[in-house]
Protein chains: 2
Amino acid sequence: MSLRENKKRARTAEEKTDRRSVVLSAAREMIAESGFESVTMSGLAKRAGLAKGTLYLYVKTKEEVFALLFVEGLSGYVDALLPHVGEDEALIRAMSMEARENALFLPLMARLTTIIEANLSREALIRTKRAVGAQAARLTTEMATERAMGSGEAFDLVHALFVALQGAAQLSVARPAFFDELPEDVKQVYGASEPDAAFVTAARLILKGAADASA
Amino acid sequence: MSLRENKKRARTAEEKTDRRSVVLSAAREMIAESGFESVTMSGLAKRAGLAKGTLYLYVKTKEEVFALLFVEGLSGYVDALLPHVGEDEALIRAMSMEARENALFLPLMARLTTIIEANLSREALIRTKRAVGAQAARLTTEMATERAMGSGEAFDLVHALFVALQGAAQLSVARPAFFDELPEDVKQVYGASEPDAAFVTAARLILKGAADASA
DNA sequence: CTTTACAAATGACCGACGGTCATTAATTTA
DNA sequence: TAAATTAATGACCGTCGGTCATTTGTAAAG
């Protein structure tokens, strides 16, 4: 995924977008291979075939890379949800399946506020927040029409589901390297809360509660 | 909160616990005054009246400090909840009030998995996980008896509520320094999700869904 | 009271990392 | 062909988490 062999410079806007997407791919690979903590800017630059200084031409902070990945993932996630917002079980299934489909999505979401947003430039933060707001709005309006709800109600429901998802996402954080050496009872504390199961039970209750409320 | 003026050494177990509690107090102050990111080990040592090396006699990593604060906070939090697990609105009120009471609790919870647990020594992680598991169990059994539920059901309900709390906690992350300079529409994205409101709506739906299920 | 043994305390030091900037050089424009 | 522009570079910097050889307060032994 390196670009280095191509010594050409990025002059046009399109070429710059290409560079950026190479960086994003390299980041995806590094995260998948060895986790977030292993992503360093020098490492990422090398992997993308760039010098560190060049990387900083395309991104103002390390976390901006993660923010871009998250926004991209969120957009695809909402795409996948839209056809199913009308029916409880289908929606839950879509939410949990799609999260498993894009393995980076929950880990990114888990880090969204405390790590990613906390380290964005003003401009990157604005872009990110706008994108998130837009996706939430997309879901909310679809939910309102599909379920014939008031927009306030739909707003609450969407947000409740995403609060649950973000909570469950925390459980998607990779286990420590020494997990196997942990005492049995500690391993069970991990086992007691798998991200997927946690989300599904919470989401079921939420949707049932919402159905109950409008009935 | 410094201990420095007292040049005595900590010999007994009790004196060591004292040292540790001085460190925790110093950390609380620093977080309250200027946020998590401002806590450095040298700064914390100075504030506690210790040399950096001494601080590392009491704690293996920086995040162990946060873990200790969290466990302490969680214990008090569950204490406050126990009397109210029987009734929906009382429980919600207790959860949201108590979270506001201890201003550090949600911010710590928001960082629990991605930052804190990710940087604990094996021993500290074991202690932390055990403590969390114990508090969860305490709540679950109380919930089961008080609501005459099966323990599986109670387990699910407790976990759903805490998933929501952890999701809402993400919204408690401090706003950026340049928040005021953000465009109006971006500020509104922040406004659309206050931690307290987000938790309360999600929790209401969850509890309503649970009531519906057992009816 | 003095000496010895122990372990608490210290802070200089180290490596890693995020981020910067003066300089180089590819490409376009005049 | 020369001048102007701007992408690219990587040496460099400051900060920070964490370590460890040394110092020194304290208790036990003689």
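Throughout, protein chains are lettered first and strands after them, A, B, ... in sequence-line order, and every chain is numbered starting at 1.
- In this entry the distance linking NZ of Lys46(B) with P of dT10(C) reads 13 Å, nearest Å.
- Using a 4.0 Å cutoff on non-hydrogen atoms, the parts of residues 53-65 of chain B near DNA chain C are Gly53(B), Thr54(B), Leu57(B), Tyr58(B), ordered by number.
- The distance between atom CG of Leu120(A) and atom P of dG19(C), rounded to the nearest whole Å, is 10 Å.
- Using a 4.5 Å heavy-atom cutoff, the side chains of Met30(A) and Arg47(A) are in contact.
- For the pair Arg111(B) and Phe66(B), the cation-pi criterion (under 6.0 Å, within 45° of the ring axis) is not fulfilled.
- Closest to the Lys52(B) side chain, of the nucleotides dA9(C), dG18(C), dG17(D), is dG17(D).
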Mind listing the side-chain donor-acceptor pairs of residues 178-189 of chain B below 3.5 Å, one per line with the distance, residues two or more places apart or on another chain?
residue, atom, partner, partner atom, Å
Asp185(B), OD1, Arg130(A), NH2, 3.1
Asp185(B), OD2, Arg130(A), NE, 2.5
Lys187(B), NZ, Asp180(B), O, 3.2

For a quick test of your reading: what N or O donor-acceptor pairs under 3.5 Å do the side chains of residues 94-104 of chain B make, sequence neighbours left out?
residue, atom, partner, partner atom, Å
Ser96(B), OG, Arg100(B), NH2, 3.3
Arg100(B), NE, Asp196(B), OD1, 3.3
Asn102(B), OD1, Leu104(B), N, 3.2

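- The ring-ring contact (aromatic ring centres under 6.0 Å, His included) pairs that include a residue from residues 39-59 of chain B number zero, where partners must be two or more places apart or lie in different chains.
- Nucleotide dT19(D) holds its C1' atom 16 Å from the CG atom of Leu50(B), rounded to whole Å.
- Out of dG10(D), dG18(C), dC16(D), the shortest distance to the side chain of Thr40(B) is found at dC16(D).
- As rounded to whole Å, 13 Å separates atom C1' of dT26(D) from atom NZ of Lys16(B).
- In this pair, Phe105(A) and Phe70(A) present their aromatic rings parallel. The plane angle is below 30°, not in the 30 to 60° band.
- Rounded to whole Å, atom C1' of dG18(C) lies 12 Å from atom CZ of Phe66(A).
- Close to dA9(C), at under 4.0 Å from its OP1 or OP2, lies a side-chain N or O of Arg19(B).
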Look for any protein N or O under 3.5 Å of an N or O in nucleotides 21-24 of chain D and output each such pair with its distance, or none.
residue, atom, partner, partner atom, Å
dT24(D), O2, Arg9(B), NH1, 3.3
dT24(D), O2, Arg9(B), NH2, 2.7

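- Applying the side chain to side chain donor-acceptor pair (under 3.5 Å) test to Arg175(B) and every residue at least two apart in sequence or in another chain returns Glu194(B).
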